[in-house]
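What follows is a set of notes on a single structure, which appears directly below.
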Protein chains: 2
Amino acid sequence: MSDIPFSLDQLRILKAIAEEGSFKRAADSLFVSQPAISLQIQNLEKQLAVPLFDRGGRKAQLTEAGNLLLAYGEKIITLCQETCRAIEDLQNLQGGTLIVGASQTTGTYLLPRMIGLFHQKYPYVSVQLQVHSTRRTSWAVANGQVDLAIIGGEVPLELQEILEIIPYTEDELALILPPNHPLAEQETIVRDDLYNLNYITLDSQSTIRKVLDQVLTRCQINTSELKIEMELNSIEAIKNAVQSGLGASFVSVTAIEKELKMGIIHRAHIQGVEIQRTLSVIVNSNRYRSKASEAFIKEILPQFCSENHLASLDRLSKKNKDSFTQDKKIIIES
Amino acid sequence: MSDIPFSLDQLRILKAIAEEGSFKRAADSLFVSQPAISLQIQNLEKQLAVPLFDRGGRKAQLTEAGNLLLAYGEKIITLCQETCRAIEDLQNLQGGTLIVGASQTTGTYLLPRMIGLFHQKYPYVSVQLQVHSTRRTSWAVANGQVDLAIIGGEVPLELQEILEIIPYTEDELALILPPNHPLAEQETIVRDDLYNLNYITLDSQSTIRKVLDQVLTRCQINTSELKIEMELNSIEAIKNAVQSGLGASFVSVTAIEKELKMGIIHRAHIQGVEIQRTLSVIVNSNRYRSKASEAFIKEILPQFCSENHLASLDRLSKKNKDSFTQDKKIIIES
DNA sequence: ATTAAATATTGATAAAATTTATGTCAGATA
DNA sequence: TATCTGACATAAATTTTATCAATATTTAAT
């Protein structure tokens with residue numbers, strides 16, 4: 001009966017091709033030869049009796065059926081990985097993997113500290129950190145590719161039902177200036193000073209930009225009048241640019257601790273303006289929660305959580321659904 | 001990286017054992033020998049480094065890990081079966097997407113009717129209509145972003161080799177006037193009358209403008225002497241403007257059926273001048289043609305095709321690359 | 001026309017799964 | 001206790017499948 005006309009390997013190959021964009025690179029990423037890929041895909045196409053790629057000689061593009069299979073294949077692979085981890089966890093916490101997602105700022109300055117602590121406690125659990133946009137991170141959590149994430153922006157509307165979103169702590173954004181900037185002399189600066197600065201920022205799609213827009217607008221600052229001199233895609237790069245006197249920027253205070261101490265960047269205080277955003281932890285409560293992620297939530301997260309949010313974090317750590325482990329006892333006997 | 005330590009076959013074996021209650025009967029139900037089952041389970045246990053059965057000689061009982069894997073395995077198998085069904089459905093036109101491209105006029109007045117018919121016949125296929133310039137539409141077909149398109153202008157030179165361009169039907173452009181315009185009284189008007197009108201047109205890059213220029217020039221009308229009063233970017237807007245007495249315009253007769261019937265727009269006939277353009281179907285024969293687009297070409301297009309072009313349309317529908325149906329050579333030999 | 005990049009093809013080889021035949025073991029039978 | 005039996009394990013041979021190296025084909029770019 002119900003023969004399945006494809007193998008997991010074939011699905012993984014398909015996924016690799018989609019990710020790498022070519023048979024050859026997929027072959028490299030899977031550490032096999034290119035013909036192996038070609039042949040597996042050909043077998044797959046034969047078995048399904050559907051072409052999966054449009055071969056235009058130089059590049060191969062997924063057909064509609066190919067895309068469909070890819071989408072399902074990714075789901076299947078994710079489920080298989082979840083299976084592996086469930087079994088690993090069953091053994092103990094002497095192995096397994098924890099995958100944490102984060103956005104630029106939290107991923108660079110907050111999570112490394114957390115992961116360090118976790119690693120000290122559970123040295124046999126391998127931890128992965130994936131830094132992506134809020135949007136992509138949210139989807140990764142929803143799909144189960146990531147166990148939990150800490151983000152600073154809004155979760156896409158379509159995921160707000162699915163994900164557990166727990167306010168976690170406040171992140172303060174600071175205006176930073178080169179230390180030799182005239183305004184750096186003053187104790188505080190005033191709103192109008194903001195219009196005379198040149199800014200270096202992340203790209204306009206970034207969460208920090210969106211949050212900044214919102215908060216500044218609320219403080220009666222017209223963000224469209226701020227002169228943006230340069231857009232860079234890394235916070236470290238921005239800091240270097242500011243330090244070199246190229247302009248001002250807004251960054252999380254957690255990102256500039258070192259630089260402030262060394263006096264190579266100046267933090268300006270704006271009279272009557274305080275820019276805060278709330279960082280949130282997101283998890284997918286409908287999925288199996290691994291022992292490792294349970295431990296992270298219970299033992300690491302509280303150490304960095306602001307007090308007013310500790311209660312909701314605690315509630316989360318109690319909400320682990322024991323998915324579907326014991327709903328079937330099968331005993332083989334005569 | 002993420003190697004999956006089990007195969008779908010192994011999961012199916014595990015499931016069969018659970019269902020049948022013994023290795024031997026599982027073997028029978030899967031039409032393989034009993035050792036095959038034993039070995040596969042042993043491999044599985046080796047790869048997962050977990051015993052799945054408690055062997056007590058006569059009977060084998062699932063361990064906790066075995067139960068866990070079984071529960072996940074069943075989920076995975078179900079998802080795989082769903083995948084098969086989705087792909088089968090796509091073949092049988094019980095799903096999938098058809099993307100049709102068109103220019104303003106055809107997209108507004110011709111294609112909606114076609115798509116309506118198609119949708120009646122294949123309600124589970126979702127149809128998308130993309131209205132763009134001839135140029136952009138042509139590229140979309142070349143890239144495979146659009147399955148097929150109907151256009152009124154010239155395909156860019158660099159794509160003429162790649163695309164199949166099939167003359168499809170003639171579209172007549174009519175001069176339209178406000179019904180209370182003095183010229184609307186006359187049975188026909190003469191060429192020189194054209195120079196005394198104010199025109200409302202699409203922008204000068206539009207296909208209709210280019211075609212119009214060509215055809216009118218061929219009729220010895222100096223298009224640069226025609227007074228263009230206004231450029232609008234929608235045909236509906238143009239009709240409304242003409243109707244309100246703002247000027248004259250040239251539009252496809254298919255665009256003004258309703259208005260003529262209601263008498264709110266007047267169509268003027270110019271003595272000795274008939275403005276026609278040829279609409280063409282374009283497809284990319286080098287790409288896999290989805291079942292849905294095949295059906296559209298075979299069953300919908302002919303209904304709106306002018307007779308003199310039916311033959312070439314028919315030729316097109318036979319030119320589908322039967323990709324890999326024919327390579328199932330079965331050779332019988334010793 | 002030539003080159004370069006990407007995929008397909010081929011024939012040899014290695015790896016894996018399956019089979020047949022046989023071995024082992026626990027418990028039922030006598 | 002000895003023996004039989006049903007259920008799984010093991011071994012060697014066989015078949016099937018996957019992989020590789022080498023090479024051909026195709027096509028886009030120069």
Side-chain angles (χ1 to χ4, degrees), chain A residues 3-14 16-18 20-47 51-63 66 331-334, chain B residues 3-14 16-18 20-47 51-63 66 139 142-144 158-159 161-162 284-288 321 323-324 326-327 329 331 333-334:
Chain A
D3 255 355
I4 299 169
F6 49 81
S7 70
L8 291 178
D9 280 336
Q10 288 169 331
L11 295 182
R12 284 178 48 222
I13 289 172
L14 186 65
I17 296 172
E20 301 290 334
S22 95
F23 281 33
K24 179 163 171 42
R25 279 191 300 262
D28 292 342
S29 84
L30 296 171
F31 303 106
V32 294
S33 67
Q34 168 265 316
I37 301 294
S38 282
L39 289 172
Q40 282 298 344
I41 292 296
Q42 283 171 33
N43 288 341
L44 192 52
E45 289 179 317
K46 252 176 232 164
Q47 287 178 287
L52 300 171
F53 289 90
D54 262 336
R55 272 91 162 169
R58 205 170 166 84
K59 56 183 161 203
Q61 219 183 6
L62 278 168
T63 62
I331 295 164
I332 297 177
E333 54 186 325
S334 47
Chain B
D3 254 355
I4 298 168
F6 51 80
S7 71
L8 291 177
D9 279 336
Q10 289 169 330
L11 296 181
R12 283 177 51 222
I13 288 171
L14 186 66
I17 296 172
E20 301 292 333
S22 94
F23 281 34
K24 183 166 170 39
R25 268 173 291 166
D28 293 343
S29 84
L30 294 171
F31 305 106
V32 294
S33 67
Q34 168 265 313
I37 301 296
S38 285
L39 290 171
Q40 282 300 336
I41 293 297
Q42 282 169 37
N43 287 341
L44 192 50
E45 289 178 317
K46 244 177 249 165
Q47 288 178 287
L52 299 171
F53 290 91
D54 278 330
R55 272 98 161 162
R58 208 170 165 82
K59 45 187 156 178
Q61 209 181 61
L62 277 167
T63 61
W139 275 102
N143 296 335
E158 63 268 37
L159 295 181
E161 290 293 298
I162 298 163
N284 185 341
S285 283
N286 298 317
R287 289 192 172 270
Y288 169 75
K321 280 201 179 178
S323 310
F324 65 160
Q326 74 273 19
D327 64 14
K329 286 184 250 188
I331 297 167
E333 55 183 322
S334 50

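Every chain is numbered from 1, with letters handed out A, B, ... down the list of sequences. Reckoned from all heavy atoms, side chains included, excluding hydrogens, waters and symmetry mates. Small disclaimer: the values here were computed from a predicted structure and weren't measured.
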Could you tell me the separation between the [atom1] atom of [X] and the [atom2] atom of [N], rounded to a whole number of Å?
{"X": "B:R12", "N": "C:dA17", "atom1": "CZ", "atom2": "C1'", "result": "14 Å"}
{"X": "B:L159", "N": "D:dA28", "atom1": "CG", "atom2": "P", "result": "12 Å"}
{"X": "B:Q42", "N": "C:dA16", "atom1": "CD", "atom2": "P", "result": "16 Å"}
{"X": "A:N43", "N": "C:dT9", "atom1": "CG", "atom2": "P", "result": "12 Å"}
{"X": "A:I37", "N": "D:dT17", "atom1": "CD1", "atom2": "C1'", "result": "16 Å"}
{"X": "B:L52", "N": "D:dC8", "atom1": "CG", "atom2": "P", "result": "15 Å"}
{"X": "A:Q10", "N": "D:dT19", "atom1": "CD", "atom2": "C1'", "result": "14 Å"}
{"X": "A:D28", "N": "C:dA6", "atom1": "CG", "atom2": "P", "result": "10 Å"}

Next on the checklist: Just to be sure I understand the rule, does B:L39 reach a base, reach only the sugar-phosphate, or reach nothing, if contact means heavy atoms closer than 4.0 Å?
Outcome noted: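 Counting heavy atoms under 4.0 Å across all strands, the contact made by B:L39 includes a base.
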Checklist entry - What does B:A36 touch in the nucleic acid at a heavy-atom separation under 4.0 angstrom: a base, only the sugar-phosphate, or nothing? => result base
Can you check whether [X] has a side-chain N or O nearer than 4.0 Å to OP1 or OP2 of [N]?
{"X": "B:Q40", "N": "C:dA16", "value": "no"}
{"X": "A:S33", "N": "D:dT19", "value": "no"}
{"X": "A:S22", "N": "C:dT7", "value": "yes"}

Item to check | Value rounded to 0.5 Å, distance of CD in A:Q34 from CG in A:L39 | outcome: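 The CG atom of A:L39 is 8.5 Å from CD of A:Q34, to the nearest 0.5 Å.
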Checklist entry - A:Q34 or A:D9: which one's nearest nucleotide on DNA chain D is closer to the 5' end? => result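 Its nearest nucleotide lies further toward 5', so the answer is A:D9.
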Checklist entry - Which one, C:dT7, D:dA11, D:dA22, comes nearest to the side chain of A:K24? => result C:dT7
